[in-house]
> 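After the structure tokens below, expect a handful of questions from me.
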Amino acid sequence: MVRLDMSTGRYIAFEGAEGCGKSTHAARLAEAVGAVLTRETGGTAIGRRIREILHDTTVTDLSHRAEALLAAADRAQHIEEVVAPALAAGRHVVSDRTVYSTLAYQGYGRGLPLDDVRRINQWAVDGHWPELVLLLDAPTEVLERRMRGRQLDRFEQEDPGFHQRVRDGFRSMAAEEADRWVVIDGSADVDTVAATIRAAVRERMGL
Ligand code: TMP
């Protein structure tokens, strides 16, 4: 559901692969528009405990369905504790990842049926789908280069095929709902990306 009630805040998502610059740009945009800056997974105390399981490289036996449900549980808590109250109070919310990450990673990446993943998350978000999704997109080779030398978590250690499916998933969701998504070239330099994001948010939302 796209929320257009002007008395509530606006809900903006950043999505993209690891190393795309989401966190930097989410922080910059939140500052520029005076929004609450938050994240999934790990935007709440409960979410941080869930995130530990999801990222732990010693966790080798987590089923794909359990992984999807843990991400959805993090989200349900995050929406109820952080996102919904902020929007209701008239604050804008900028979130570093949202429900679309579960569709991309657990749906397209892990191969779980998209309709099931969508249905579970429909319940988890309780009507709060981001109004605008900024997808920072970059070729997987560029991202691999940026990640080199970093300690990799459980998702980052996945094979290149997984990361390609995630990227393709994000891009096809963006193409299917072009009025909700903006695809931004995340391989450009940081100030160029920030300026493009700022212009898109102004144009799409008047913020
Ligand atoms: P990040 O917070 O550093 O971007 O890392 C989050 C990791 O968790 C990233 O590899 C994507 C993954 N993830 C999912 O697989 N499903 C989800 O629903 C979310 C929010 C993240």
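Whatever order the structure lists ligands and atoms in, that order sets their numbers, starting from 1. Note that this is a predicted model, so its numbers are computed, not measured.
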> Angle between ring planes, Phe162 versus Tyr105, binned at 30° and 60°: parallel, tilted or perpendicular?
tilted
> Verify side-chain contact (heavy atoms from CB on, under 4.5 Å) between Glu131 and Met205, making sure each step is shown before the conclusion.
CA-CA 9 Å; Glu131 203 177 319; Met205 305 190 115; 3.5 Å; yes
> Please name the pair of heavy atoms, one in Ala32 and one in Arg198, separated by the smallest distance, quoted to 0.1 Å.
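Minimum heavy-atom contact is CB-NE, 3.7 Å.
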> Tell me whether the count of non-hydrogen atoms from other residues, nucleotides or ligands lying under 6.0 Å of CZ in Arg48 goes above 12.
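Enclosed.
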> For ligand 1, give me the residues whose heavy-atom distance to it is below 4.0 Å, by chain and number please.
Glu18, Lys22, Arg39, Glu40, Thr41, Arg51, His55, Ala71, Arg75, Arg97, Ser101, Thr102, Tyr105, Gln106, Phe155
> Run through Arg97, Arg51, Gln77, His78 and flag the one making a side chain to side chain donor-acceptor pair (under 3.5 Å) with Glu40.
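Only one option passes, and that is His78.
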> Would you please say whether a donor-acceptor pair under 3.5 Å links the side chains of Asp168 and Gln164?
yes
